[in-house]
Amino acid sequence: MAETITQAARILAALATAFGLTLLVILLAHQDPQAALSALASGAFGSPYAIAETLTKTIPLLLTGLGVAIAFRARLWNIGGEGQFLVGALAASALGAYVLKSLPAFVLIPLMLLAGSAAGALWAGLAGWMRTARGVPEVISTIMLNFIAAQLLSYLLHGPMQERAHAQPASEALPLTATLPSLWPGTTLHWGLLIALGMAGVVAVFLFRTRAGFALKLVGANPEAARAAGVDVAETRLTTMLWSGGLCGLAGAVELSGVVGTLYENYSPGYGFAAVAVALLGRLNPWGIFASALFFGALNAGSGSMERSAGISANLSYVLQAITLLVLLAFQWIRWTPRRVIVPESTP
Amino acid sequence: MHGAEWGVIFVGLLFTGVRLAVPLLLAALGETLAEKSGVINVGIEGMILGGAMAGFTAAYATHNPWLGAGAALLAGVALAAIFSGLAVVLGADQVVVGTAINILALGLTGVFFRALPQLSGASAAAFPPLSLPFLHSAHASHSLTAQLASVFLEQNALGWLAWVLVPLSWLYLHRTRGGLRLRAVGEYPEAADGAGVRVERVRIGATLAGGALAGLAGAYLSIGYTNGFVENMSAGRGFVALAVVILGRWNPFGVAGAAFLFGLAFALQYQFQATSTRFPYQFFLALPYVLTLLALLVRSRFQSSPPAALGEAYRRG
């Protein structure tokens with residue numbers, strides 16, 4: 001219990017420090033911190049619509065955060081959430097707006113979400129296979145796959161998947177039957193929130209209640225020991241990457257079906273990168289990740305309004321993400337006891 | 001197309017390739033130093049980006065490319081200082097800290113670029129190509145040798161620095177006491193510590209040097225090969241540089257070879273975008289990243305092992 005309280009205190013202190021440092025950045029960029037903060041707050045919580053917007057932005061962050069966290073728990077550095085998010089959205093769009101668009105909603109939407117997860121899982125699985133079969137570091141391969149996914153998206157939107165009028169590089173809009181229903185009529189909030197929360201529950205059960213989840217933890221903590229205990233390390237790593245990419249792909253499909261409807265270039269405003277901060281701030285725990293996704297969701301909703309009304313680049317939310325992460329790492333690793341205790345073994 | 005046209009394309013490709021190899025080489029040489037000391041710094045992407053922005057801003061304000069390069073170097077060192085404070089001194093996970101540095105650089109450069117509207121679309125005082133005296137007479141002849149000479153010899157100061165650093169860093173790593181200590185720290189920190197080497201100090205030094213070179217790689221992008229800054233202009237070069245280090249097997253000469261190959265891959269983009277309509281242009285934009293993956297996949301045929309303690313924080317027991 002005392003441990004949890006110290007942990008919470010550390011996270012709060014880290015957040016406060018990060019906010020302070022970010023205000024400093026605003027001042028250095030010669031902007032008005034008060035205007036920035038009030039625009040941020042009103043965009044995140046100022047009205048029922050803003051609160052719904054915050055919750056809407058929480059959905060993709062929660063799903064990608066869960067995905068990244070699963071990989072990180074196995075000490076697999078999946079930095080490719082961005083690419084997996086994109087191919088997930090691509091697969092969902094291909095089904096929903098082209099191949100199966102005449103199916104009824106109760107079949108079409110589940111199929112789209114499944115296809116999105118499968119595409120994301122395959123994309124991450126490629127990196128997982130490269131790691132287990134050929135020893136290619138997944139940090140590099142997942143990032144390369146991000147760039148490749150972005151070009152694949154661009155190609156498809158200029159070519160085979162371009163909308164009928166060929167006016168701009170965008171996909172055909174999803175039909176109404178492929179759109180996730182609204183959860184709070186009159187606002188942007190959609191059923192994706194329930195899906196994301198459900199996945200948080202599934203991930204929690206998987207990590208803490210199943211043999212596979214335990215094997216994953218073992219592999220992350222000490223692969224040698226896991227091997228000695230009879231765990232197939234390569235297989236565990238591969239399935240972990242599949243799960244991880246599947247969640248990020250699902251996020252792309254849910255965002256497409258719930259909010260955007262149409263695919264375009266720069267479809268993801270960096271959810272894959274934000275996922276790293278979300279997962280770590282949430283201490284790689286599904287419910288912690290929900291809390292941190294809410295925090296970053298509010299930040300994203302607010303920074304949009306900050307850009308519109310205070311003229312500050314929405315990149316400020318990256319700054320705050322990164323500073324939060326760095327400060328948190330610093331707080332995490334500072335030991336409040338002397339770090340080096342030198343015990344003389346014997347005195348000559 | 002007949003022979004002469006292919007000749008022009010080939011020389012053009014080499015010309016661009018050698019130049020696009022420079023930022024990869026600078027960043028990868030710095031990363032080699034860091035990784036040889038046992039530190040994997042994924043944050044060089046952000047350090048390149050920070051260097052590009054700082055270098056461009058300073059060169060724009062002072063009308064002096066050297067001050068620009070100095071600012072870029074400092075930006076790289078500053079980010080590397082944050083990195084080593086957390087990852088080396090406090091022992092936080094190196095990949096996580098590096099990723100945070102990348103996000104930080106992306107955000108900071110974005111915010112400051114927006115806050116300084118005079119920078120967008122502007123050009124600054126850039127590095128001119130240094131032409132060697134005998135090249136002027138060679139130029140007049142237009143022969144293939146003269147063209148090839150200008151491909152390799154008509155580089156700007158940062159380009160020369162990158163290629164000169166290849167043998168120098170090899171000599172440092174393999175022929176000096178400092179280099180021996182650095183490698184020992186990366187292979188077997190406990191033993192190095194036992195022999196009186198200050199493990200943390202060596203690793204911080206190597207990481208800062210790596211940050212300085214990544215910053216200069218950024219300057220090469222914004223005030224060297226091209227002149228101007230755009231958001232996220234590092235475009236994954238830091239990550240490609242990480243692959244270049246692996247493919248070059250942690251050896252400066254190997255790294256130079258790999259950087260040259262990837263420079264050519266980036267150059268193919270421009271060449272084919274301009275000349276070919278048969279393939280969609282996205283194919284060429286994706287090419288360097290696809291090649292990186294393929295190269296890493298086939299590498300294991302002639303694999304050499306990374307420094308034994310790479311990526312592990314060292315704590316005295």
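Note on naming: letters A, B, ... go to the chains in the order of the sequence lines (proteins, then strands), and numbering restarts at 1 for each one.
Residue B:Leu285 holds its CG atom at 12.0 Å from CD1 of A:Ile148, rounded to the nearest 0.5 Å. For the atom pair OG (A:Ser313) and CZ (B:Phe112), the distance works out to 11.0 Å, reported to the nearest 0.5 Å. Here the CD1 atom belonging to B:Ile103 is positioned 11.5 Å from the CG atom belonging to A:Leu320, to the nearest 0.5 angstrom.
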Inset, instruction - Start with the C-alpha distance between A:Arg134 and B:Leu296, add both sets of side-chain angles, then the distance that settles side-chain contact (heavy atoms from CB on, under 4.5 Å), and finish with yes or no. - result: CA-CA 8 Å; A:Arg134 311 288 292 182; B:Leu296 289 173; over 6 Å; no
Inset, instruction - List the steps, then state whether side-chain contact (heavy atoms from CB on, under 4.5 Å) holds for A:Leu329 with B:Leu90. - result: CA-CA 9 Å; A:Leu329 287 171; B:Leu90 295 179; over 6 Å; no
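Residues B:Arg114 and A:Asn315 fail the side-chain proximity criterion, which asks for heavy atoms closer than 4.5 Å. By the 4.5 Å heavy-atom criterion applied to side chains, A:Leu152 and B:Gln282 are not counted as neighbours. Between B:Val111 and A:Tyr318 the shortest side-chain heavy-atom distance does not fall below 4.5 Å.
Only the side chain of A:Leu325 comes within less than 4.5 Å of a heavy atom in chain B; its backbone stays farther off. Interface residue B:Ile82: only side-chain heavy atoms are found under 4.5 Å from chain A. Both the backbone and the side chain of A:Leu28 come within contact range of chain B, with heavy atoms under 4.5 Å apart. Heavy-atom distances place the backbone of B:Ala235, and not its side chain, under 4.5 Å from chain A. Of the two parts of B:Glu231, only the side chain, counted from C-beta on, holds a non-hydrogen atom closer than 4.5 Å to a non-hydrogen atom of chain A. For B:Val95, the part sitting under 4.5 Å from any heavy atom of chain A is the side chain, from C-beta outward, and nothing else. Proximity to chain B (any heavy atom under 4.5 Å) is restricted, for A:Ile79, to the side chain, taken from C-beta onward. Within the 4.5 angstrom heavy-atom criterion, only side-chain atoms of B:Val42, from C-beta onward, approach chain A.
Listed by sequence position, A:Val139, A:Ile140, A:Ser141, A:Ile143, A:Met144, A:Leu145, A:Phe147 are the residues of residues 139-147 of chain A in contact with chain B, using a 4.5 angstrom heavy-atom cutoff.
By number of non-hydrogen pairs under 4.5 angstrom with chain B, the leading residue of A:Gln321, A:Arg75, A:His158 is A:His158. Taking chain B as the reference chain and counting heavy-atom pairs below 4.5 Å, the highest number among A:Ala29, A:Pro137, A:Ala150 is found for A:Ala29.
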List the atom pairs, with distances to 0.1 Å, where a side-chain N or O of residues 271-282 of chain A and a protein N or O form a donor-acceptor pair under 3.5 Å, not counting sequence neighbours.
none

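Within a 6.0 Å radius of CD in A:Glu265, more than 12 heavy atoms belonging to other residues, nucleotides or ligands are found.
The minimum heavy-atom distance linking A:Ala322 with B:Ala100 is given by the pair CB-O, 3.5 Å.
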